[in-house]
Amino acid sequence: MIRLIVGGKVLNSLERIPFTFSKTENFYQKMSDWIGDVFYEFLPEAGFELRDEQIYMAFQLERAFKEKKVMFAEAGVGTGKTIVYLLYAICYARYTGKPVIVACADETLIEQLVKEEGDIKKLEKHLGLQIDVRLAKSPDQYLCLQKLDEAITEESGGLFDELYQSLPEFVGIAKGMQTFYPYGDRKAYAHLSDEEWQKVAWDPFKDCFACERRHRCGQTLSRDYYRKSGDLIVCSHDFYMEHIWTYESRKREGQLPLLPESSAVIFDEGHLLEFAAQKALTYRFKERTLEEILTRLLENDIREQFALLIETTIEQNANFFNELKDSTKDVRGSYRKEIAFTAKLRNEADKLRTLLSTLADELVFESEMYTIDHYLLHIVDEHIDRTELSLNLFLTKNDVITWVTEEQAVQTLVIMPKAVQETLKGHLFSKMLPYIFSSATLSQNGSFQYMADSLGVNEYLSFSVESPFNYEEQMTIIIREERNKSLPVEKCKVVVEQINATNGSALVLFNTKEDLALFKTYVMNVNTDWPILFEGDQEISQLVQKFQNNEPSVLCSVHLWEGLDIPGQSLTNVIVWSLPFPPNDPVFDSKRKMVSDPYWDMDVPYMLLRLRQGVGRLIRAHEDKGIVSIFMPMENKHLIDKVLGVLPSSKITFTKGE
């Protein structure tokens with residue numbers, strides 16, 4: 001039972017329910033009555049708009065909690081869907097004594113939910129609630145003490161020395177202490193660029209269990225903290241899926257699951273969950289990790305024959321990755337490199353797989369000599385098994401997608417499943433819990449079946465409600481012709497002119513990091529009267545906060561097509577640099593092979609969904625007004641019709657390119 005101390009009195013979860021409720025009364029009826037009072041009385045008295053669409057959504061959502069079913073809740077921009085699901089989540093968490101998990105699209109959005117101007121703070125202020133909400137961030141959002149030591153060694157006397165000096169005192173003390181508290185969150189080091197952060201952030205190839213400071217690690221302490229939440233735990237889709245896939249294995253190894261037991265799960269921007277599920281099941285084989293782990297075996301008193309086998313395996317690992325490097329090519333707009341499956345590459349992979357199989361057998365014999373630490377043996381055995389499985393999948397290519405990423409000249413082979421329906425069905429939707437999918441874009445042509453099929457959902461509830469905004473009066477759309485011969489400098493100049501037209505207060509959405517970098521290079525040599533904030537220069541939530549609090553500023557981003565909620569004069573101009581088509585990388589190429597017409601059946605629907613989300617960043621309240629500018633080619637009339645069909649306003653001006 002969750003307990004909270006208020007005014008010196010210990011309250012259990014039932015006593016914290018925000019309406020009068022006894023055990024002889026129907027909880028769901030009482031909750032429905034209270035939520036009706038909230039929308040018809042309490043919030044309007046506090047100055048909130050009375051929105052019929054929001055009230056309709058509220059009474060639809062009750063069924064999901066009452067019947068413990070999956071619900072696709074499609075609500076247009078401005079419905080106020082976040083407040084609706086938060087009210088249900090808080091009541092239900094306190095009724096069941098277990099927190100509700102709210103999973104957002106990615107790490108860039110979870111801070112949006114708890115910001116000072118956000119809906120949780122509004123509910124606390126106007127309803128007199130004390131909401132216990134805690135963030136469960138992905139591991140890569142935390143500082144790695146091992147990597148920090150390495151970074152200080154490589155760049156002594158600089159930025160990372162200051163970071164080390166800011167660590168809590170208990171991090172460097174070996175003896176026991178009574179007080180520990182969370183630290184090391186990416187947000188605490190907002191001044192670091194993404195590139196700088198990667199040098200000290202956790203990554204999956206570090207051996208956390210062998211780390212002597214793992215019990216003083218910020219990530220470990222943060223997990224202890226958020227597990228105690230009484231109301232809400234906010235995480236990303238990726239982290240929640242990682243929790244689902246590692247749940248059983250962590251319990252077998254004597255570890256706690258990544259997240260505690262929950263009473264319900266809400267997937268905000270739920271249309272993006274499928275890809276997060278695929279990512280969670282992904283295998284990653286990093287170039288240097290096998291060598292680092294096997295080298296630790298050589299430091300022990302082992303048989304000469306075994307040592308020679310290890311050295312041969314390390315050499316073959318290098319041969320495989322050298323051939324892999326020669327067999328990959330870059331893909332514009334994507335960090336994923338495409339692999340050409342040559343006979344030589346397959347041969348090198350097969351040789352490594354054979355050596356690993358032999359090494360696993362010999363490791364069993366070596367363990368009986370008792371000359372190697374048992375824990376090290378376990379780590380090595382587990383890594384060999386995982387690498388061997390990765391190579392098996394790589395060589396068979398059955399129902400998987402493969403690609404290569406490269407960071408600081410180090411390659412990683414990535415292997416991801418194509419379909420996740422059966423796994424989701426067994427691990428997630430077989431449980432009798434309310435699962436809420438909330439988004440403005442869940443259906444296709446009025447049907448939710450595509451979404452249900454892609455996620456393995458057999459039975460579900462659903463509803464759809466339109467946006468309450470009058471887009472004809474609030475939004476002006478400019479479609480700017482983009483010709484193939486147009487020079488990047490000319491396009492940058494037009495974008496700056498468009499930003500000047502609204503004196504800043506603009507969000508520029510890019511489809512690729514390359515395009516963002518091109519524009520950044522251009523504006524560095526242009527005098528402007530407003531600060532320009534670029535994604536990647538600082539931690540993203542801090543950039544969003546600066547943009548929101550500084551009206552004349554400009555925010556340039558690749559990842560904020562969804563979830564960004566900035567009403568008022570801070571955002572009156574959304575510029576879409578180019579139509580957000582998916583890249584021609586291995587993941588999307590795999591999806592293209594599953595349809596008869598890849599362009600019209602996969603590329604265009606993906607682009608239109610993302611475009612709808614991007615355009616939806618402009619109007620967030622009834623008082624908002626502004627301009628959306630979209631750069632696009634004008635040669636394909638059918639494509640133009642498709643784009644016009646998803647735009648919320650018909651007040652459109654066409655501007656020809658030079």
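For this chain, numbers begin at 1 and follow the sequence in order. Because the structure is predicted, anything quoted here is derived from the model rather than measured.
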Enquirer: For Tyr95 and Tyr28, take the angle between the two ring planes, folded into 0 to 90°, and tell me which bin it lands in: parallel under 30, tilted 30 to 60, perpendicular over 60.
Expert: perpendicular
Enquirer: Name all residues meeting the side-chain hydrogen bond (donor to acceptor under 3.5 Å, both in side chains) criterion together with Thr502; count only those two or more places apart in sequence or in a different chain, and write none if there are none.
Expert: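 Checked Thr502 against side-chain hydrogen bond (donor to acceptor under 3.5 Å, both in side chains); matches are Asn573.
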Enquirer: What pairs with Asp194 under salt bridge (charged side-chain N to carboxylate O under 4.0 Å, His left out), at least two apart in sequence or on another chain?
Expert: Arg186
Enquirer: Nearest 0.5 Å, please: how far is NZ in Lys513 from OG in Ser557?
Expert: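 One finds 10.5 Å between OG of Ser557 and NZ of Lys513.
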Enquirer: Short question: side chain of Trp34, backbone of Pro18 - any donor-acceptor pair under 3.5 Å?
Expert: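 Yes; judged by distance alone, with no hydrogens or angles, the pair exists.
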Enquirer: Should the pair Tyr247 and His243 be assigned to parallel (<30°), tilted (30 to 60°) or perpendicular (>60°) ring geometry?
Expert: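 The rings of Tyr247 and His243 stand perpendicular, inter-plane angle above 60°.
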Enquirer: Would you say that more than 12 heavy atoms from the other residues, nucleotides or ligands in this model lie under 6.0 Å from the CD of Glu459, or not?
Expert: no
Enquirer: Should Tyr240 and Phe267 be marked as a ring pair (Phe, Tyr, Trp, His ring centres under 6.0 Å) after you check the CA-CA gap, both sets of side-chain angles, and the distance that decides it?
Expert: CA-CA 10 Å; Tyr240 184 77; Phe267 297 108; 5.6 Å; yes
Enquirer: If a pair satisfies salt bridge (Lys or Arg N to Asp or Glu O under 4.0 Å) and one of its residues is in residues 102-112, list it, with sequence neighbours excluded.
Expert: Glu111-Lys137, Glu111-Lys187
Enquirer: Could you tell me whether a side-chain N or O of Thr282 sits under 3.5 Å from a main-chain N or O of Gln278, the two making a donor and an acceptor?
Expert: yes
Enquirer: Hey, could you give me the CG/OG distance between Leu232 and Ser262, rounded to the nearest 0.5 Å?
Expert: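 Reported value, rounded in 0.5 Å steps: 11.5 Å.
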Enquirer: Any chance NZ of Lys431 has more than 12 other-residue heavy atoms, nucleotides or ligands included, within less than 6.0 Å?
Expert: yes
Enquirer: Is the backbone N or O of Gln29 less than 3.5 Å from a side-chain atom of Asn26, with the two atoms forming a donor-acceptor pair by type?
Expert: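 Yes, Asn26 side chain to Gln29 backbone: donor-acceptor pair under 3.5 Å.
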Enquirer: Do Leu281 and Thr423 pass the side chain to side chain contact (heavy atoms under 4.5 Å, CB included) test, and can you show the C-alpha distance, the side-chain angles, and the key distance before you say yes or no?
Expert: CA-CA 10 Å; Leu281 281 173; Thr423 313; 4.2 Å; yes
Enquirer: Return the set of residues passing side-chain hydrogen bond (donor to acceptor under 3.5 Å, both in side chains) with Ser438 (not counting sequence neighbours), or none when no residue passes.
Expert: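 Listed in chain order: nothing, the list is empty.
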Enquirer: Report yes or no: does Trp561 contribute a side-chain atom to a donor-acceptor pair with the main-chain N or O of Phe510 at less than 3.5 Å?
Expert: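 Such a contact is found between Trp561 side chain and Phe510 backbone.
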Enquirer: What I'd like to find out is whether the side chain of Leu86 reaches to under 4.5 Å of the side chain of Asp119, using heavy atoms alone.
Expert: yes
Enquirer: Would you say Ser439 and Glu74 are linked by a side-chain donor-acceptor pair, where the criterion is simply a distance under 3.5 Å?
Expert: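 Side chains of Glu74 and Ser439: no pair found under 3.5 Å.
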Enquirer: For Arg134, check side chain to side chain contact (heavy atoms under 4.5 Å, CB included) against everything at least two apart and list the hits.
Expert: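 Arg134 satisfies side chain to side chain contact (heavy atoms under 4.5 Å, CB included) with Asp132, Tyr225, Tyr226, Lys228, Ser229 only.
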Enquirer: Show, in sequence, the C-alpha distance, side-chain angles and deciding distance for Trp202 and Tyr142, and conclude whether the ring pair (Phe, Tyr, Trp, His ring centres under 6.0 Å) test is met.
Expert: CA-CA 6 Å; Trp202 176 93; Tyr142 291 98; 9.7 Å; no
Enquirer: Taking only residues at least two apart or on different chains, which pairs with a member in residues 260-274 satisfy salt bridge (Lys or Arg N to Asp or Glu O under 4.0 Å)?
Expert: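 Listed once each, the pairs are Glu274-Lys591.
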Enquirer: Quick one: does NZ or CZ of Lys30 land under 6.0 Å from the six-membered ring centre of Phe19, within 45 degrees of the ring axis?
Expert: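 Checked: cation-pi criterion not met.
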Enquirer: Just to verify, what does Tyr181 make a ring-ring contact (aromatic ring centres under 6.0 Å, His included) with, not counting sequence neighbours?
Expert: Phe170
Enquirer: Sequence neighbours excluded, which residues qualify as side chain to side chain contact (heavy atoms under 4.5 Å, CB included) partners of Asp453?
Expert: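 Asp453 satisfies side chain to side chain contact (heavy atoms under 4.5 Å, CB included) with Gln449 only.
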Enquirer: Determine whether a donor-acceptor pair (N or O, by modelled atom type, separation under 3.5 Å) exists between the side chain of Thr512 and the backbone of Asp515.
Expert: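 Yes.
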Enquirer: Do Phe547 and Ile566 come within less than 4.5 Å of each other through their side chains, counting heavy atoms only?
Expert: yes
Enquirer: Specify whether Tyr435 and Phe429 have parallel, tilted or perpendicular ring planes, treating 30° as the upper limit for parallel and 60° as the lower limit for perpendicular.
Expert: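 Judged by the thresholds at 30° and 60°, the geometry between Tyr435 and Phe429 is perpendicular.
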Enquirer: Let me confirm one number: the CG-CG distance from Leu533 to Leu507, rounded to the nearest 0.5 Å.
Expert: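 Taking CG in Leu533 and CG in Leu507, the distance rounds to 11.0 Å.
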Enquirer: Kindly indicate whether the side chain of Ile575, heavy atoms from C-beta on, has any atom under 4.5 Å from the side chain of Ile499.
Expert: yes
Enquirer: Mind checking side chain to side chain contact (heavy atoms under 4.5 Å, CB included) for Asn470 and listing every partner two or more places apart, or none if nothing turns up?
Expert: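 By the side chain to side chain contact (heavy atoms under 4.5 Å, CB included) rule, Asn470 matches Glu472, Glu473, Gln474.
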Enquirer: Quick check: does any side chain N or O of Asn511 sit under 3.5 Å from a backbone N or O of Phe581, one acting as donor and the other as acceptor?
Expert: yes
Enquirer: Could you measure the distance from the CH2 atom of Trp530 to the OG atom of Ser553? Nearest 0.5 Å is fine.
Expert: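 The distance works out to 10.5 Å.
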Enquirer: Do Asp231 and Val100 have side chains that approach each other closer than 4.5 Å (heavy atoms only, starting at C-beta)?
Expert: no
Enquirer: So, Glu562 versus His271: side-chain donor-acceptor pair below 3.5 Å or not?
Expert: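 There is such a pair (donor and acceptor under 3.5 Å, judged by atom type) between the side chains of Glu562 and His271.
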Enquirer: Is there side-chain contact between Lys625 and Met475, with at least one heavy-atom pair below 4.5 Å?
Expert: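 Contact flag for Lys625/Met475 side chains = no.
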Enquirer: Could you list the donor-acceptor pairs under 3.5 angstrom formed between side-chain atoms of residues 59-68 and any protein atom two or more places apart in sequence or on another chain?
Expert:
unit_1 : atom_1 : unit_2 : atom_2 : d
Glu62  : OE1    : Ser32  : OG     : 3.3

Enquirer: Say whether Ser541 and Glu539, considering side chains only, have a donor N or O and an acceptor N or O under 3.5 Å apart.
Expert: yes
Enquirer: Could you tell me whether Arg617 and Asp565 make a salt bridge, using a distance below 4.0 angstrom between a side-chain N and a carboxylate O?
Expert: no
Enquirer: Start with the C-alpha distance between His237 and Phe275, add both sets of side-chain angles, then the distance that settles ring pair (Phe, Tyr, Trp, His ring centres under 6.0 Å), and finish with yes or no.
Expert: CA-CA 9 Å; His237 289 179; Phe275 184 60; over 10 Å; no
Enquirer: When the ring planes of Phe72 and Tyr460 are compared, do they come out parallel, tilted or perpendicular, using 30° and 60° as the limits?
Expert: perpendicular
Enquirer: Parallel, tilted or perpendicular: which one describes the rings of His427 and Trp245, with boundaries at 30° and 60°?
Expert: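 Rings of His427 and Trp245: perpendicular, over 60°.
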Enquirer: In Å, rounded to the nearest 0.5 Å, how long is the span from CG of Asn458 to CD of Gln421?
Expert: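 Here the rounded value is 11.0 Å.
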Enquirer: His559 and Glu535: side-chain donor and acceptor closer than 3.5 Å?
Expert: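 The criterion, which ignores hydrogens and geometry beyond distance, is satisfied for Glu535 and His559.
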Enquirer: Are His622 and Phe469 near enough that their ring centres are under 6.0 Å apart?
Expert: yes
Enquirer: Would you say the side chain of Phe437 lies within less than 4.5 Å of the side chain of Ile266, judging by non-hydrogen atoms?
Expert: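 The answer is no; the side chains never approach within 4.5 Å.
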Enquirer: Holding to side-chain hydrogen bond (donor to acceptor under 3.5 Å, both in side chains), I want the full list of residues that pass it with Arg51, two or more places apart in sequence or in another chain.
Expert: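 Checked Arg51 against side-chain hydrogen bond (donor to acceptor under 3.5 Å, both in side chains); matches are Glu49.
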Enquirer: In Å, rounded to the nearest 0.5 Å, how long is the span from SG of Cys235 to CG of Leu135?
Expert: 9.5 Å
Enquirer: Is there a side-chain contact between Lys520 and Asp537 (heavy atoms, below 4.5 Å)?
Expert: yes
Enquirer: Heavy atoms, side chains only, cut-off 4.5 Å: are Tyr471 and Leu647 in contact?
Expert: no
Enquirer: May I ask you to check whether over 12 heavy atoms, not counting those of Lys651, lie within 6.0 Å of atom NZ?
Expert: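 Result for NZ/Lys651: enclosed.
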Enquirer: Give a yes or no on whether Gln569 atom CD has more than 12 heavy-atom contacts from other residues, nucleotides or ligands under 6.0 Å away.
Expert: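 Open: at most 12 neighbouring heavy atoms sit under 6.0 Å from CD of Gln569.
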Enquirer: Can you tell me if Ser193 uses its side chain to pair, donor with acceptor, with the backbone of Gln538 under 3.5 Å?
Expert: no
Enquirer: Of all residues at least two apart in sequence or in a different chain, which pass the salt bridge (charged side-chain N to carboxylate O under 4.0 Å, His left out) check with Lys546?
Expert: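 Partners of Lys546 by the salt bridge (charged side-chain N to carboxylate O under 4.0 Å, His left out) criterion come out as none, since no residue qualifies.
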